[in-house]
Visitor: 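Sharing a structure, written as C-alpha cells. Questions coming.
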Protein chains: 2
Amino acid sequence: MRLTANRIAGILRSHGYRLTPQRHAVLKAIASSNGHLTPDAILERARSLRSDISRVSVYRTLDLLGQLNLVCRVHAPDGCRSYMMTRPTGHHHHLVCTGCGRTVDFADCTLTELESRLSSETGFRTTGHILEVYGVCPTCDGSAESD
Amino acid sequence: MRLTANRIAGILRSHGYRLTPQRHAVLKAIASSNGHLTPDAILERARSLRSDISRVSVYRTLDLLGQLNLVCRVHAPDGCRSYMMTRPTGHHHHLVCTGCGRTVDFADCTLTELESRLSSETGFRTTGHILEVYGVCPTCDGSAESD
DNA sequence: AATATAATAGAAACAGCGTATCAATTACTT
DNA sequence: AAGTAATTGATACGCTGTTTCTATTATATT
C-alpha cells in the first residue's frame with residue numbers, strides 16, 4: 001500500500017515542517033497518480049488543485065520529500081527526473097509502463113549476488129545500483145493509452 | 001576490448017558519413033577515457049585536441065554515434081546523460097565508480113528470469129531494463145581521486 | 001589536380017529545466 | 001491575538017540542449 005497525501009502531511013509536521021496549502025497540493029498531485037510524474041506534470045496537477053503554486057515550490061517540495069524518502073525518482077529512458085510516492089518498505093525497484101507511465105513496485109531484488117560477484121572480479125567495493133524494468137501494461141497493450 | 005577511435009572512424013565512413021576533424025576529435029575524446037563523460041567534458045577534451053569545436057558538434061556527433069550503437073549512455077545518480085564507448089558486444093551493463101567515474105562493463109545479465117516473473121505477476125509485457133551498478137574502484141578506495 | 005556537391009561545420013538565437021536571491025506572506029507557537 | 005521563523009512567489013540567472021541558417025569542407029568524379 002502506498003502512502004496517502006494525508007499521512008505524508010502528518011509525517012512532514014512530525015519532522016517540524018509546516019503544512020502549507022502548496023505542499024499539500026503537491027502531495028495530492030503525486031499521490032493521485034499511479035505512475036511517475038515529471039516536475040512539470042506535478043506542477044500542472046497541483047495547479048489544478050490550487051492555482052497559486054509556483055514551479056519553485058514544486059522543486060522545493062520534491063527536494064524535501066526526497067530527503068525524507070517519501071518520494072523516489074524514476075529513471076525513464078528519456079529522462080531520469082520523474083517522481084512517485086515511495087512505498088513504506090525500503091529497497092525496491094520499478095516496473096514502468098512505457099505507454100502510460102503506470103508504475104508497479106517490486107521488492108524482490110536479486111542483485112546482491114551479482115554485486116558480490118562483480119566486487120570480487122573487479123575489486124570495486126559495490127555500493128548500490130539503479131534498476132528499472134520497462135514494459136507495456138495490459139491496458140496499453142490493448143492499443144488505447146490512459147493515465 | 002573496446003573500440004578505438006580509428007576503428008570507429010572506419011565504421012563511420014563505411015556508413016557513408018564523413019570523417020571530419022571535429023568528429024575525430026570527439027571520438028578520441030571519448031575513446032581516451034576509461035569512464036563515462038558528460039557532453040561538456042567531451043567538449044572540453046575534444047577542444048584540447050582541436051580548438052575549433054562547438055558544443056553543437058559534440059551533441060550531433062553523440063547522436064550519430066548513439067544511432068550506430070557506438071556509444072552508450074550511462075545513468076549516474078546525478079544525471080543520465082553521460083557517454084562512453086560501447087564494447088563490440090551487445091547487451092551489457094556498467095559498474096561505475098562514484099569516485100572517478102571509471103566504468104567497467106559486464107555482460108552476464110541475470111534479469112531475464114526476473115522479467116518473466118514480473119510479467120506473469122503483473123500482466124505487463126516487459127520490454128527491457130536499465131541496470132547500473134555503483135561502487136568505488138580500488139584506486140579511489142585508497143582515498144585519492146583520479147581519472 | 002581541379003571541380004562539383006552534398007554533408008557538415010559554427011554562430012547565433014532560442015527554449016526548457018533547475019537554482020539562487022530576496023522581500024512579502026503565513027503557519028504555527030505562545 | 002501577537003510574534004516569529006519558515007515558506008512563499010517573483011525575478012533573474014545559469015546550464016543544457018536544440019533549431020536555423022549560412023559558410024565551409026570532405027569526398028566523389030572528372
Visitor: Starting from the 5' end of DNA chain D, give me the residue, A:Thr61 or B:Tyr59, whose nearest nucleotide shows up first.
Guide: A:Thr61
Visitor: To the nearest angstrom, how far is B:Glu44 atom CD from D:dC15 atom P?
Guide: 13 Å
Visitor: Hey, quick one: are A:Leu19 and A:Leu49 part of the same hydrophobic cluster, counting side-chain heavy atoms closer than 4.5 Å, chains of contacts allowed?
Guide: no
Visitor: Whole angstrom is fine here: how far is it from NE2 in A:His24 over to C1' in C:dA27?
Guide: 14 Å
Visitor: Would you say a side-chain N or O of A:Gln22 is under 4.0 Å from OP1 or OP2 of D:dG9?
Guide: yes
Visitor: Going hydrophobic residue to hydrophobic residue with side-chain gaps under 4.5 angstrom, can you get from A:Val71 over to A:Tyr17?
Guide: yes
Visitor: If you only use heavy atoms from C-beta on, which nucleotide in C:dC28, C:dA11, D:dA26 is closest to the side chain of B:Val56?
Guide: C:dA11
Visitor: Checking only heavy atoms, does the side chain of A:Arg55 share a donor-acceptor pair with the base of D:dG9 at less than 3.5 Å?
Guide: no
Visitor: Starting from the 5' end of DNA chain C, give me the residue, B:Leu19 or B:Arg47, whose nearest nucleotide shows up first.
Guide: B:Leu19
Visitor: Taking the ring of A:His93 and the ring of A:His75, is the distance between their centroids below 6.0 Å?
Guide: no
Visitor: Mind calculating the distance between OH (B:Tyr17) and P (D:dT27) to the nearest angstrom?
Guide: 14 Å
Visitor: For the pair made of CD1 in A:Ile53 and C1' in D:dG9, what is the distance, rounded to whole Å?
Guide: 11 Å
Visitor: Can you tell me if the side-chain N/O atoms of B:Thr20 get under 4.0 Å from OP1 or OP2 in C:dT8?
Guide: no
Visitor: For the side chain of A:Asp40, starting at C-beta, report the closest nucleotide among D:dT16, C:dC17, C:dG10.
Guide: C:dC17
Visitor: Roughly, in whole Å, what's the span from CD1 in B:Ile42 to P in D:dC15?
Guide: 18 Å
Visitor: Using whole Å, report how far CG of B:Leu65 lies from P of C:dT8.
Guide: 12 Å
Visitor: Mind calculating the distance between CZ (A:Arg81) and P (C:dC17) to the nearest angstrom?
Guide: 11 Å
Visitor: Taking CZ from B:Arg23 and C1' from C:dA7, how many angstroms apart are they, rounded to a whole number?
Guide: 8 Å
Visitor: Mind checking whether A:Cys72 and A:Tyr83 have side chains closer than 4.5 Å, heavy atoms only?
Guide: no
Visitor: Does the plane of the ring in B:His92 sit parallel, tilted or perpendicular to the ring in B:His94? Use 30° and 60° as the thresholds.
Guide: perpendicular
Visitor: Tell me which nucleotide among D:dG17, D:dT4, D:dT27 gets nearest to the side chain of A:Arg18.
Guide: D:dT4
Visitor: So what does B:Arg60 hit on the nucleic acid, given a heavy-atom distance under 4.0 Å: a base, only sugar-phosphate, or nothing?
Guide: base
